[in-house]
Amino acid sequence: MIEFNPLDLLNTLPILVLVSWACALLMVNVFVPRQGKGLMVLLTALGLAVTLILSIFQAGTQTEAFKGMLAIDDFTVYMNVFILASSLVALAISHDYMQRMGLARGEYYVLMLFSVAGMMLMASAADLIVVFLALELLSIPLYVLSAFARPQVESEEAGLKYFLLGAFASGFLVYGIALVYGATGQTNLIQIFAAAEAGVETPAFLLVGAGLILVGLGFKVAAAPFHMWTPDVYQGAPTTVTAFMAVGAKAGGFAALLRVFIAAFPAISVDLAPVLAAVAAATLVIGNVVAVAQSNIKRLFAYSSISHAGFILMAFVAFGQDGLFEDTIASVLFYLVTFAIASFGSWAIVIMLERKEGRGLDLQDYAGLGRKYPALALAMAVFMFSFTGVPPTLGFAAKLFVFRVVIEGGYYWLAIVGVVTSVVSAYYYLRLIIIMYMQDGDPQVRGETWLNLATAATAVATVLLFFFSTPLFEWAAEAGFLWF
Amino acid sequence: MQFELFDLAPLLVILPVIGLLVNILIGDRVGERGIGWIASLAAGLTFVVSLLLFFALQGHHEGATVPFLEWIRIGEFNVGWNFRVDTLSNTMMLVVSGVGTLIHIYAAGYMHYDVRYKGDPHSYKRFFIYLNLFIAAMMILVSADNYLMLFVGWEGVGLCSFLLIGFWFTKNPDGTDGHSNSNAAKKAFIANRVGDFGFLMGMFTMFWAFGSLNFGDVLGHGAVEHVSEGTILAITLFFLLGVAGKSAQIPLYVWLPDAMAGPTPVSALIHAATMVTAGVYLVARSAPLFHASHTAELFVMFTGAGTALFAATIAVAQNDIKKVLAYSTVSQLGFMVAAVGMGAFVAGMFHLVTHAFFKALLFLGSGSVILAVERGHHPLEGDGGHDDHHEDEHHDDDHHEVFDPQDMRNMGGLRKIIPTTYRVYLIGSLALAGIPIFAGFFSKDEILADAFLESQPVYWILTVAAFLTAFYMGRQVLMVFFGKPRTHAAEEAKESPPSMTIPLMILAFLSIFGGLINIPVIHPLTDWIEHTLGHDLVHATKFNWQVAIVSTLLALIAIGISWLIYGRKEIDASQPDPLQRALGPIFIGMRNKWYVDEIYGFLIIRPYERLSSFLAHQVDWTFWHDWFHDSGIAAGFRGLANFLANPVDLGVIDGIANGLARATKGSASALRLLQTGFVRNYALMVFLGVVAILSFLIFR
């Protein structure tokens, strides 16, 4: 007998509003003429903004919904605000590009909204079933969006590859959930935690289940060796989709990883830690090393985003140690925000330089940017410095906090791997700066108000927020879980 | 309420700094008038703050220390930016900012007419920025609560002095192109460096002996008793060297007459009224130290007295109107130093104040005279006359080589031509000569009365100096204002604008009535300063009729003699000075400043130059550079560098670095090959990853 609690609807209001809004927009889109898709952008932005405000009003709530299937807590609110704000930025840099590339179709915005709803659901999922549901809600619109530039072969290929491999990875996730259920008899995170603490008859099932869940979610955040789809999909998908995906999918994936591992698996953290460390190290090495050989900016940023997934994973390794999980959560959240800001900024610049049929995406197309568009080049340089982790940019603080958690957890070798690969990363980030400033060229740039605004805002934030990194970190540290 | 007023003290420095910053930022846009207004306003507001502090002190004679910033804290040693407001420092604040404000206003008019200026707004702006900077530095000096902060101000005013003496650094004093002005600036700076060395040594010794540089710790009650008299003597003699530099005493006074190369308002502000009295203030401030060593007092007293007489003799024979005043300033500073040396701190400070009034008046008056003659010689725009400006300049340059507008022999009869300047100048001269009721009479007489009690030789030296003072001032007034104009320029002289004459009148008023601040019987200044220096060090000097009558009579006789020589008959500019016939070689010595510059040149400067030339050419260049560097160091270094560069750096270090880079690039290319683009390969990688993880988890 399922009891219905009306309060649950209130607590999940943001997601409900967003999903209903998306459905409604799908209808509205039919009546909007092709030339008038600006209206769709406005309506989408309105939906996101309303949801954002509703989410902010949830601050301070500490409750469950739908019989413990969802958790509404500070962590949820933090992630929701972050995801929704990111989506607004993604929207801001989308419109002009979609028109320019002849892709202005209303479904784009609706799909984006569904995916956002999936990300939000990920952040509040307190049950493995919901995690799976949310993952699919997040992913399927992204598969479609990746292929949005049809009939371009690269885009279709990207969509198909992403779908096939995503389905493959989802299979592992489901299998992992099944094994965990088999071991504990539970799918609810907090009950899995309790069962694991009490001891299970077949610990191997639990361990393998957790490992497979790691694979499924690791695929979403592009951790090695499950990262191989990333460069192809990032390159083939429309650039605005790439920007959205790079931040959004990662945010959703890491939200679920944090929630599942910290809530459900502290008991087996000792066994999971070496796996996490190995995955983090592999991700760091592969992301940073292969990036060196790239000449296409989208592929370069794809590997860069893989490497940042590695940095964030570093913070996970020590999640089960006493008193460290709070620092883990805070440093992951901080790094995600840092990565999102610099990432959106640099993608916005890529969008400005990109022309039809994939031209303007070579690194050499950035030659001479420093002379011709000094402000733009300066902003790009700021993002590159932030990615590298050079003060005074936010990236420095983010890396500092992550390294601190790793050192506190006692994983010195991992910290060394992180530092060395950071040095390697300086090579390809600085190379872009050198190309921009020291090589002659005649870059073609299409500026547009929203793109310029997004670039300027993210560049300023990257530098300015650095000076407030400690308060921001403490703020992130308050985004705790319901059960702690 | 009262204590809140004390908290204003940092504004003394902040306001002039704001003034100069505003002028730096917007000076080019507001024009001459605006620049002058901003600078004068900054100085004026500083004076207002000084006045407010004065009123604050009325209720709290003990004063206050206003902490502003912590500066240095090393263990027990602690030096801060603390402002000390007490009756002594406030006296200096009022004089500096008050006289300073008047001179700012005067300078706004004067600089416009300066022949060297020629309508260059940047110079105008630069001048007032320096003036405000000077006020700020001087305020740091007088409001310091420790010797180190005082030294910051001390160096600051020295810098401003250097900048302003050499203000027209591409010119000679007569306006032609040359390096005289910048050489004068350098001379002042170097002479002051010698003095600063003394000051620094004094501070170091003080730190060693007292462990502190704060006034409270060093000058506080009983502090000196814990230090041996020899140490105190060392500190005070080092300080005396500093005083000799800054306050132009023997043997370092030589820079001050040359400093007259600066624009006349600078001479009045820095080199007569304020900066040069810093040494007197230093001694007065350090009164407990100087009082503790009788030997030190003797040194200071005789240095001052000797300077007073020596400089007065030189002043007698000068023909340059500003040079007379310059030597007079040196002489009067000698009076002050002698006074503080004999323990008459109040008398010294009293003379400092009145001297600031009448010497500023005289300098500004002389500026007015020079400008008037200048404009008579060469009418400026707006004075009427010439039409073609270009031709005008040519005419101007030709004449500057032969015509010196500062030479008193080129003047005469200006009494009727520029009557306002004449009247105020006469007042200043009478005050300086020490004629009763004028300010100078009271202050000089108090010094003489103290000297009469303290030391007869010093009393007689100072009396002779006072006699000479009256004589050379009589000579100057007679040569400049009386008789008939001796040149065309003097005939055509023009009175100065009100912005110049009004400050002159105010200073004239102060020169008449300034003596009231320490009028005998009541002694207001004595009571005022006693609050700071204490009862032991300050005593009211009884008015001594004998001294007063002698000095007044001598002054009148001196003026009479000067009239006999210079006033009775016309002076012919081409003839030698009438006094030369009477004094012969002594006059030649006086005219040539007793050849002190030449002696210094022979004894110090030329040997120094020869030594530095030897060191530079022989030791440094031939031996050190050519031989030792090239054959010794350079060859050895080259060998070592080659070794480090080729086998070590290229071979080992670059090998490792390049190896890393090659390995990275190589593995990048290799790993890139895995990225085949085929989904089946990607899925295989995922699968292999899963197998690896699960194997670890199961078989760990």
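So that the names make sense, note that chain A is the first sequence line, chain B the second, and so on, each numbered from 1.
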With a cut-off of 6.0 Å (strictly less than), are more than 12 heavy atoms of other residues, nucleotides or ligands near CZ of B:Phe77? yes

Distance col, row B:Met685:CE vs A:Ile286:CD1, nearest 0.5 angstrom, shows 6.5 Å

With a sphere of 6.0 Å drawn around OH of A:Tyr181, does it hold more than 12 non-hydrogen atoms of other residues, nucleotides or ligands? no

Heavy-atom contact with chain B under 4.5 Å, split by part of A:Val289: both

Nearest-0.5 Å distance that lies between atom CG in B:Leu694 and atom CG in A:Leu207: 10.0 Å

Quick check for you: to the nearest 0.5 Å, what is the distance between A:Phe172 atom CZ and B:Phe687 atom CZ? 6.0 Å

Going by heavy atoms in the side chains, are A:Asp232 and B:Tyr682 under 4.5 Å from each other? yes

Which distance, rounded to the nearest 0.5 Å, do you find between the CG of A:Asp271 and the CD1 of B:Ile698? 12.0 Å

So, the part of A:Val285 with a heavy atom under 4.5 Å from chain B: the answer is neither

Between B:Gly689 and A:Pro225, what is the shortest heavy-atom contact and its length? CA-CG, 3.6 Å

Go through the atoms of A:Phe226 and report whether side chain, backbone, both or neither lie under 4.5 Å from a heavy atom of chain B. both

Give the member of A:Leu160, A:Val424, A:Val275 that has the highest number of heavy-atom pairs under 4.5 Å with chain B. A:Val275

Looking at every non-hydrogen atom in both residues, tell me the closest pair between A:Pro274 and B:Phe696 and how far apart they are. CB-CZ, 3.5 Å

Can you tell me if CZ on A:Phe163 sees more than 12 non-hydrogen neighbours from other groups inside 6.0 Å? no

